[in-house]
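In what follows, a single structure is set out as structure tokens and then discussed.
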Protein chains: 2
Amino acid sequence: MSDDGRERRPGATRRRGEELVRAIHEAAIEELLAVGVDRMTMEGIARRAATAKTSLYRRWSSTEEILIDAFLRVFPQEEPSPSSDDLRGDLVRALRMMRDWMTTVGARAVAEVVTARDRNPGLVEAVYARVFGKRGGGFTQTVLRHYVAHGAIAPARLTPVVLDIGEALVVKYRMDHSELPDDAYIDAVVDHAILPALGPPPGGD
Amino acid sequence: MSDDGRERRPGATRRRGEELVRAIHEAAIEELLAVGVDRMTMEGIARRAATAKTSLYRRWSSTEEILIDAFLRVFPQEEPSPSSDDLRGDLVRALRMMRDWMTTVGARAVAEVVTARDRNPGLVEAVYARVFGKRGGGFTQTVLRHYVAHGAIAPARLTPVVLDIGEALVVKYRMDHSELPDDAYIDAVVDHAILPALGPPPGGD
DNA sequence: GGAATAAGAAACGCTTGCGTAGCTAAGATA
DNA sequence: TATCTTAGCTACGCAAGCGTTTCTTATTCC
């Protein structure tokens with residue numbers, strides 16, 4: 001009931017420029033997660049940023065514009081670094097990394113926006129361009145390419161489908177249940193789906 | 001601008017009872033697809049059904065209730081019927097069936113509702129219970145179980161992960177691109193992901 | 001210090017949806 | 001035909017968001 005505001009700071013300094021803009025960006029993401037793309041309002045964002053509506057309209061003219069702007073400066077995406085000679089271990093680590101990433105604000109924002117893609121095409125593009133990386137976050141992708149480069153996987157095996165298996169199963173799990181998969185499920189994804197699709201190593205290890 | 005109404009029928013008969021209820025249900029689904037879960041309104045549904053707000057409030061007290069009700073009487077879900085001795089063919093057919101199903105109103109409704117799961121848990125349950133079938137629509141599932149029963153697949157291979165591979169990849173494809181996968185992609189899903197996960201047939205065909 | 005800049009606050013009329021009430025009239029029932 | 005049920009319509013006061021205007025007041029810049 002009293003969750004929508006932000007505390008006033010009576011004697012505090014007045015924000016301007018970059019500082020204010022950043023605060024508004026953060027508020028926009030918060031608003032997105034709280035009420036969904038379709039219910040975002042300028043007044044809501046202003047409330048969350050503890051600023052005046054006027055300050056929003058001075059720079060943007062819709063919630064969508066604010067959001068796109070917000071996406072364009074956020075969410076660094078960690079890359080898995082396949083190091084060892086342990087394909088299975090690296091795949092598991094990559095998918096765990098993806099799972100962790102899915103708990104972040106950025107990832108939840110992606111999910112929020114993608115469903116409403118028909119209603120907000122511009123937003124979806126911004127999100128894919130910046131937050132989600134190229135086509136769905138290459139978590140296992142990085143690992144798989146690494147092992148292909150080192151001759152442990154036959155290059156022909158790395159079709160677009162195969163590159164997506166892990167991510168697809170994790171995303172679907174999250175869709176069906178309301179939690180993220182646990183370690184055992186991730187292990188199973190690697191053992192029952194990804195590794196079989198890779199087939200035997202070319203040289204016969 | 002004038003898309004939201006429905007034509008009046010001046011001398012026409014006045015709907016009541018079941019007929020009216022069905023019209024309202026349809027209008028609710030339409031409204032869902034048009035504006036999204038989060039922006040549905042009683043007035044919008046009434047407008048679409050060309051009825052009076054009063055007639056809605058006589059039976060339900062929120063858009064969510066109407067939607068749940070609507071879901072509870074809809075969308076027969078076709079089942080793939082694995083017949084021949086053609087595992088690959090049956091899998092391809094099952095996934096094509098899934099793809100076709102995804103173009104229906106019901107499927108789009110699922111997608112609409114699932115993202116906003118945090119905000120509408122009741123809806124999500126109703127949708128999963130009725131529209132989406134048990135946990136994500138058993139398109140390939142039906143096929144796979146059939147072939148296990150006939151000894152063509154080792155039962156141990158049929159883990160929850162494996163049952164989901166095909167559906168997961170199709171869903172992810174639709175998330176990443178804005179179209180549904182074509183036949184070639186479905187073939188690839190079967191050949192590069194599902195079949196490898198099933199391993200060689202137990203008897204050695 | 002004084003001027004320029006930009007943020008905060010309040011109010012504007014307008015629109016849309018809320019949930020309810022009062023009434024008219026269509027269609028089923030007797 | 002008379003009656004009862006139930007659509008359909010209109011209107012209500014209320015709340016929230018719109019986009020804009022006007023004014024005050026912090027900060028920054030010179």
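Quick note on labels: first sequence line is chain A, next is B, and so on, each numbered from 1.
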Atom-pair distance ([atom1] on [X]; [atom2] on [N]), nearest Å:
{"X": "A/Leu56", "N": "C/dA6", "atom1": "CG", "atom2": "P", "value": "16 Å"}
{"X": "A/Glu19", "N": "D/dT27", "atom1": "CD", "atom2": "P", "value": "11 Å"}
{"X": "B/Trp60", "N": "D/dA7", "atom1": "CH2", "atom2": "C1'", "value": "13 Å"}
{"X": "A/Glu31", "N": "D/dA16", "atom1": "CD", "atom2": "C1'", "value": "13 Å"}
{"X": "A/Met40", "N": "D/dC18", "atom1": "CE", "atom2": "C1'", "value": "15 Å"}
{"X": "B/Tyr57", "N": "D/dA7", "atom1": "OH", "atom2": "P", "value": "17 Å"}
{"X": "A/Glu64", "N": "D/dG17", "atom1": "CD", "atom2": "P", "value": "19 Å"}
{"X": "A/Arg47", "N": "D/dA16", "atom1": "CZ", "atom2": "P", "value": "8 Å"}

Given B/Val189, B/Asp86, B/Val190, the one that forms side-chain contact (heavy atoms from CB on, under 4.5 Å) with B/Leu91: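 The residue from B/Val189, B/Asp86, B/Val190 that satisfies side-chain contact (heavy atoms from CB on, under 4.5 Å) with B/Leu91 turns out to be B/Val190.
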Residue of the set A/Ile45, A/Leu123, A/Asn120 for which side-chain contact (heavy atoms from CB on, under 4.5 Å) holds with A/Leu67: A/Leu123
Under the side chain to side chain donor-acceptor pair (under 3.5 Å) test, residues paired with B/Glu26 that sit two or more places apart: none
A/Glu18: side chain to side chain donor-acceptor pair (under 3.5 Å) partners, not counting sequence neighbours: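 For A/Glu18, the residues satisfying side chain to side chain donor-acceptor pair (under 3.5 Å) (neighbours in sequence not counted) are A/Arg73.
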Salt bridge check, [Y] against [X]: does any charged N sit closer than 4.0 Å to a carboxylate O?
{"X": "B/Glu112", "Y": "A/Arg119", "result": "yes"}
{"X": "A/Glu19", "Y": "A/Arg14", "result": "no"}
{"X": "A/Arg96", "Y": "A/Asp100", "result": "no"}
{"X": "B/Arg99", "Y": "B/Asp182", "result": "no"}

Backbone N/O of A/Phe139 and side chain of A/Glu167: donor-acceptor pair under 3.5 Å: yes
Under 3.5 Å, N/O pairs linking protein and nucleotides 22-25 of chain C:
none

Touch class at under 4.0 angstrom, heavy-atom based, for B/Arg59 against every strand present: sugar-phosphate
Options C/dG19, D/dG17, D/dA26, nucleotide nearest the side-chain atoms of A/Arg16: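 When the side chain of A/Arg16 is considered, D/dA26 is the closest of C/dG19, D/dG17, D/dA26.
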Minimum-distance nucleotide (side-chain atoms of A/Met42 versus D/dC18, C/dG17, C/dT20):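 Of all the options, the side chain of A/Met42 is nearest to D/dC18.
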Under-4.0 Å side-chain N/O to phosphate OP1/OP2 contact, B/Ser55 with D/dG8: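 Indeed, a polar side-chain atom of B/Ser55 lies that close.
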Contacts of type ring-ring contact (aromatic ring centres under 6.0 Å, His included), residue B/Tyr173, not counting sequence neighbours: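 Partners of B/Tyr173 by the ring-ring contact (aromatic ring centres under 6.0 Å, His included) criterion, ordered by chain and then number, come out as B/His177, B/Tyr185.
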Consecutive-pair stems (3 or more, Watson-Crick or G-U, under 3.5 Å) for DNA chain C: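 The stems are C:1-11 with D:20-30, C:13-26 with D:5-18, C:28-30 with D:1-3.
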Distances under 3.5 Å between protein N/O atoms and the N/O atoms of nucleotides 11-15 of chain C, please, pair by pair.
none

Over 12 non-hydrogen atoms of neighbours within 6.0 angstrom of CG in B/Asp85: no
Full working for salt bridge (charged side-chain N to carboxylate O under 4.0 Å, His left out) between A/Asp164 and B/Lys172: CA-CA 8 Å; A/Asp164 263 353; B/Lys172 178 155 198 301; 3.2 Å; yes
